[in-house]
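Starting off with a structure, shown below.
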Amino acid sequence: MSAAYHLNEVRFRYGGRDALNIDQLKLTANRISAIVGPNGAGKTTLLNLLAFLESPLTGNITFFGAPYGKLENLKLRRRVGLVQQNPYLLRGTVLANVELGLKLRGVDKAERTDCAMDVLAQMRLSAKAQVSAAQLSGGEAQKVAIGRILVLEPEVLLLDEPFTYLDRGVIDELEVLLATIRDNRSQTVIFTTHDQLRAQALADSIHSIVDGRVIPASLINLYRGQLQSDNHVFDTGKLAITVPEKIRSGDRIAIEPIHIVLSATALQSTMRNAFEGRITALREQDGQVQVTVEAGERFHATITHASLEDLNLGIGKQVWVSFKSSAVRVF
Amino acid sequence: MEYLLEALGAAALLVIGLDREVYYVVWTSISITVVAVALASVASIPLGIITAVKSFTGKRLLLQTLNTLMAVPTVVIGLLLYGLLSRRGLLGDFGLLYTPAAIVIGQCLLIVPIIWNLTINAVSAIDPRLPQTCRALGATQSQQIALFLREARFGIMAALVMGFGRALSEVGIAMMLGGNIEGFTRTMTTAIALETSKGEFELALALGILLLACAFIVNGILQRLQRSAV
């Protein structure tokens with residue numbers, strides 16, 4: 001599969017500190033990729049680089065095989081479409097806003113109005129075409145901002161936290177739109193979110209980012225702390241978690257939810273990590289069950305419906321969380 | 001009371017009857033002010049945009065000075081320019097004193113701080129997300145500047161209207177630098193002052209009505225602009 005973007009040794013500084021420090025990142029063409037990370041992780045900075053609004057301090061970005069820097073910036077900017085988090089709509093009508101990108105590209109009036117009206121119809125906003133953009137609700141404004149980019153039919157669609165300011169109904173519409181794009185394999189979409197579960201539901205691939213670095217694990221069970229390499233223990237401040245023996249450095253650990261075993265009693269096994277806790281949440285996700293357990297730290301485990309019934313798990317029940325030291329990734 | 005009503009009636013007849021003398025004075029006033037606003041805006045709009053966008057040492061002092069100058073008395077400007085333009089003054093050789101050009105210069109100086117300051121406000125009020133939005137939509141450098149001006153257009157037009165209103169209604173500069181010469185530098189405000197002192201109350205009142213009408217129209221435009229800017 002070809003890559004839409006290939007980032008190599010990319011560094012970016014902002015406000016005197018390293019905002020991004022990415023060794024390698026490949027984002028596949030015609031697929032949906034999610035960039036997941038907490039607030040302030042560098043997601044927006046990364047999208048600004050991918051939208052060619054900022055240039056990296058050092059390192060290379062390859063865009064569909066062509067190295068960035070050899071291509072003209074304006075042309076590149078016009079091949080991608082970025083919908084910003086909390087986007088800004090210009091003064092004027094909704095239609096004028098959706099037409100704007102086409103107008104900047106010199107498309108004639110009749111054609112751009114047709115295209116814009118088509119997109120507004122798709123987004124069920126036809127009735128608002130002549131309404132002033134300032135009068136829209138937050139959700140409608142976000143939809144117009146998305147429409148304003150979709151009408152340009154960019155090769156790459158970049159969405160920065162598209163679900164943050166939306167109400168439930170609009171989120172559903174956007175999820176349907178992304179699912180359609182994903183099933184058609186027709187466009188490269190890259191979106192950022194802090195919601196790991198939503199990313200899993202919508203994206204073909206997920207890249208986690210913390211403190212400007214792409215990390216080789218999901219963010220579901222991510223803990224900060226100190227590694228005590230002499231006894232192979234990682235101290236999160238609340239729990240001491242046993243890690244693989246060969247690890248020498250790192251200040252974060254992550255455990256994939258599928259590697260966590262739940263049991264009603266303490267298990268006699270080779271698993272070095274076992275903690276007793278209480279179930280605080282159950283949630284269905286893609287036909288499986290996400291169980292949240294408070295056991296000093298908060299653990300998320302993925303189990304099947306059958307296991308849920310066998311173990312007779314429910315909110316408030318005591319349960320043991322166990323996992324092998326080799327399941328712990330330190331970085 | 002009867003005297004006032006009679007005078008009002010006579011004034012109305014002068015206005016409705018399109019009295020040549022009255023309308024010539026109105027024309028002089030408006031044409032001088034339009035030229036003054038045009039000249040002032042050529043300087044103050046770019047200055048306003050630059051001041052708003054750039055940060056530099058002394059910016060705070062400049063803003064404070066501009067705010068002070070917005071309320072400068074017209075007679076002070078009249079006095080200073082009189083000193084420069086009179087025969088013995090630094091610019092006396094140009095022979096500008098008691099010409100429409102002298103009033104234009106004076107009104108220009110009066111409204112430059114107003115338009116400058118209000119342009120700063122208009123540009124500062126532009127959303128900080130605008131530049132990146134333009135770039136993300138694929139705007140070239142010149143398209144970005146055009147979009148920037150378009151976003152601030154209501155505020156800048158309001159600045160021009162404010163400047164126009166201030167220049168049209170001032171009397172000190174027109175009197176001191178124009179000299180109130182009939183058919184040449186007589187403006188609405190200087191004519192009102194003169195006719196009242198002469199006891200020609202009807203003519204003064206007729207001009208007063210027209211000046212008020214101008215102010216009313218200008219304020220109407222300003223309000224419309226402010227409404228569309230929201």
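This one's a predicted model, so the numbers in the text were calculated from it and none came from an experiment. Just so we're on the same page: letters track the sequence lines, and every chain starts at 1.
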Any side-chain to backbone donor/acceptor pair from B/E151 onto A/L90? Under 3.5 Å, distance only.
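No, B/E151 side chain to A/L90 backbone: no donor-acceptor pair under 3.5 Å.
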Is there a side-chain contact between A/N48 and B/Q132 in this structure, where contact means two heavy atoms from C-beta onward sitting under 4.5 Å apart?
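When only atoms from C-beta onward are counted, B/Q132 and A/N48 do touch, with a gap below 4.5 Å.
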Which atoms of A/P87 come close to chain B, meaning under 4.5 Å heavy atom to heavy atom: side chain ones, backbone ones, both, or neither?
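Contact with chain B involves the backbone of A/P87 alone.
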Identify which part of A/L74 has an atom lying under 4.5 Å from any heavy atom of chain B, answering side chain, backbone, both or neither.
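Contact with chain B involves the side chain of A/L74 alone.
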For residues A/L104 and B/L147, determine if any side-chain heavy atom of one lies less than 4.5 Å from a side-chain heavy atom of the other.
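Counting from C-beta outward, A/L104 and B/L147 do come under 4.5 Å.
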How many angstroms lie between CZ in B/R135 and CD in A/E54, if you round to the nearest 0.5 Å?
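These two atoms lie 7.0 Å from each other.
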A/L53 portion near chain B, given a 4.5 angstrom heavy-atom threshold:
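Contact with chain B is through both the backbone and side chain of A/L53.
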A/R77 side chain vs B/A136 backbone, donor-acceptor pair below 3.5 Å
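Between the backbone of B/A136 and the side chain of A/R77 there is no qualifying donor-acceptor contact (under 3.5 Å).
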Is A/I149 close to chain B through its backbone or its side chain, or both, or neither, when contacts mean heavy atoms under 4.5 Å?
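Answer is side chain: those atoms of A/I149 sit under 4.5 Å from chain B.
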Would you please test B/L137 and A/L152 for side chain to side chain contact (heavy atoms under 4.5 Å, CB included) and show each step?
CA-CA 9 Å; B/L137 285 170; A/L152 302 171; 4.3 Å; yes
Let me see the working for B/R150 and A/R91 under side chain to side chain contact (heavy atoms under 4.5 Å, CB included), right down to the final yes or no.
CA-CA 9 Å; B/R150 195 172 149 264; A/R91 290 191 201 289; 5.7 Å; no
At a heavy-atom separation under 4.5 Å, does B/L130 approach chain A through its side chain, its backbone, both, or neither?
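Both parts, backbone and side chain.
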